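To keep things clear, I will list the structure first and then write my remarks on it.
Every number for a ligand or one of its atoms is a count from 1 in the order of the listing. Keep in mind that this is a model prediction, so the values were computed, not measured. Here, residue 1 is the first one in the sequence, and each next residue gets the next number.
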Amino acid sequence: MKNPVVEVEKVSFAYDEELILEEVSLRLFPGDFCALIGPNGSGKSTLLKIMVGLLHPQKGRVKLFGRELSEFREWWRIGYVPQKVTALVDRVLPLTVFETVALGLIGKPPSLRARRKDLVLATLERVGLAGYAPRLLRELSGGQQQRVFLARALVGNPEVLFLDEPTTGVDFTAQERFYELLGKLNREGLTILIVTHDIAVVDRHVKQVACLNRRLVFHGEHEEFCQNPEICGFLPGDHHLVGHWH
Ligand SMILES: Nc1ncnc2c1ncn2[C@@H]1O[C@H](COP(=O)(O)OP(=O)(O)OP(=O)(O)O)[C@@H](O)[C@H]1O
Ligand SMILES: [Mg+2]
């Protein structure tokens, strides 16, 4: 069996007294495309921040590519798109699309940074935004901005991508295109963990599903998830996926 890309082992976390994550264990393997779902406030964003080293759990262990997080240094192997990142667009400097994507090369190896221009332009092309480099980010639509932030995460050519609700506020067609792009990147070898509430869309694209509600309620192959009545409570009653459970 291949070595895991991410290993979360019995992680518990609290911002203050309240326990937000309790004994969560989750492993992602190369080539996984996993949706992390769960109600608002269930700890999804917190878990992602722990996985990318922004928060430190009080209990448990996290490894990236077989290394303890405290010893992990190869951050260029990781891509991360935080939740509501597009909300920052109007508040920060009037960055162009090119500049925003180039930010993703900060801290990457010099060999990558030397090829900055080519890498940024090639990545924009990859996400369907060829020709947008000189445009001001704030003049793009919400869906286009989401793809710019995806490009920013991809520009360093990571091996694993953590996405926190990257398609919020984007219309159905744009969501479909975004997921198709992720599917293509996954087929090219990228491991993906995506937090989402768009189960109807994600359903057609992901390979695994993980359900979080302070504890990890379920983690398994997508087909298994569709047949598991115990996790019905996770989904809105009128969701078409419910049909899979009959
Ligand atoms: N910086 C913080 N300080 C204190 N409490 C926090 C902080 N960030 C999140 N929380 C709390 O931790 C809990 C989990 O939050 P988290 O953002 O991980 O949930 P989530 O599953 O991502 O929710 P959503 O679907 O709404 O994005 C919530 O109760 C939230 O209020
Ligand atoms: Mg969240």
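Each of the following atoms of ligand 1 lies closer than 4.0 Å to a heavy atom of His197: 25 (O). Close contacts between ligand 1 and Gln83 involve ligand atoms 27 (O) [criterion: under 4.0 Å to a heavy atom].
For atom 16 (P) of ligand 1, the closest non-hydrogen atom on the protein side is Thr46 OG1, 3.6 Å. In this structure, atom 17 (O) of ligand 1 lies nearest to the protein heavy atom Ser45 CB, 3.7 Å. For atom 1 (N) of ligand 1, the closest non-hydrogen atom on the protein side is Tyr15 CE2, 3.6 Å. Regarding atom 26 (O) of ligand 1, its nearest protein heavy-atom neighbour is Asn40 ND2, 3.0 Å.
Asp32 and Thr191 form no side-chain donor-acceptor contact under 3.5 Å, judged by distance and modelled atom types alone. Between the side chains of Glu165 and His197, at least one donor N or O lies within less than 3.5 Å of an accepting N or O. Looking only at atom types and distance, the side chain of Gln83 has a donor-acceptor partner in the side chain of Ser45 under 3.5 Å away. Donor-acceptor pairing under 3.5 Å is recorded for the side chains of Thr46 and Tyr15. No side-chain donor from either of Glu176 and Thr173 sits under 3.5 Å from a side-chain acceptor of the other.
More than 12 non-hydrogen atoms from other residues, nucleotides or ligands lie less than 6.0 angstrom from CZ of Arg77.
Put simply, atom 30 (C) of ligand 1 has no protein non-hydrogen atoms near it, under 4.0 Å away. Protein heavy atoms come within 4.0 Å of atom 5 (N) of ligand 1.
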Full working for side chain to side chain contact (heavy atoms under 4.5 Å, CB included) between Val148 and Leu129: CA-CA 8 Å; Val148 173; Leu129 290 175; 3.6 Å; yes
From CA spacing to verdict: side chain to side chain contact (heavy atoms under 4.5 Å, CB included), Leu163, Ile192: CA-CA 8 Å; Leu163 302 164; Ile192 303 175; 4.1 Å; yes
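In summary, Asn40 places no N/O/S atom under 2.8 Å from the Mg ion (ligand 2), failing the contact criterion. Using a cut-off of 2.8 Å, one finds that Thr46 contributes no N/O/S atom close to the Mg ion (ligand 2).
Atom CD of Glu7 and atom CZ of Arg61 lie 8.0 Å apart (nearest 0.5 Å).
Taking any N or O of Lys44, backbone or side chain, at least one lies under 3.5 Å from an N or O belonging to ligand 1. Inclusion of Ile20 in the set of residues having an N or O under 3.5 Å from an N or O of ligand 1 is not warranted. Between Glu18 and ligand 1, not a single N/O pair is under 3.5 Å apart.
Nearest to atom 28 (C) of ligand 1 by heavy atom, out of Gly38, Pro39, Gly41, Gly43, is Gly41.
Note on ligand 1: Lys49 sits outside its first shell, no heavy atom being nearer than 4.0 Å.
Taking hydrophobic clusters as Ile, Leu, Val, Met, Phe, Trp and Tyr residues chained together by side-chain heavy-atom distances below 4.5 Å, Leu55 shares a cluster with Leu216.
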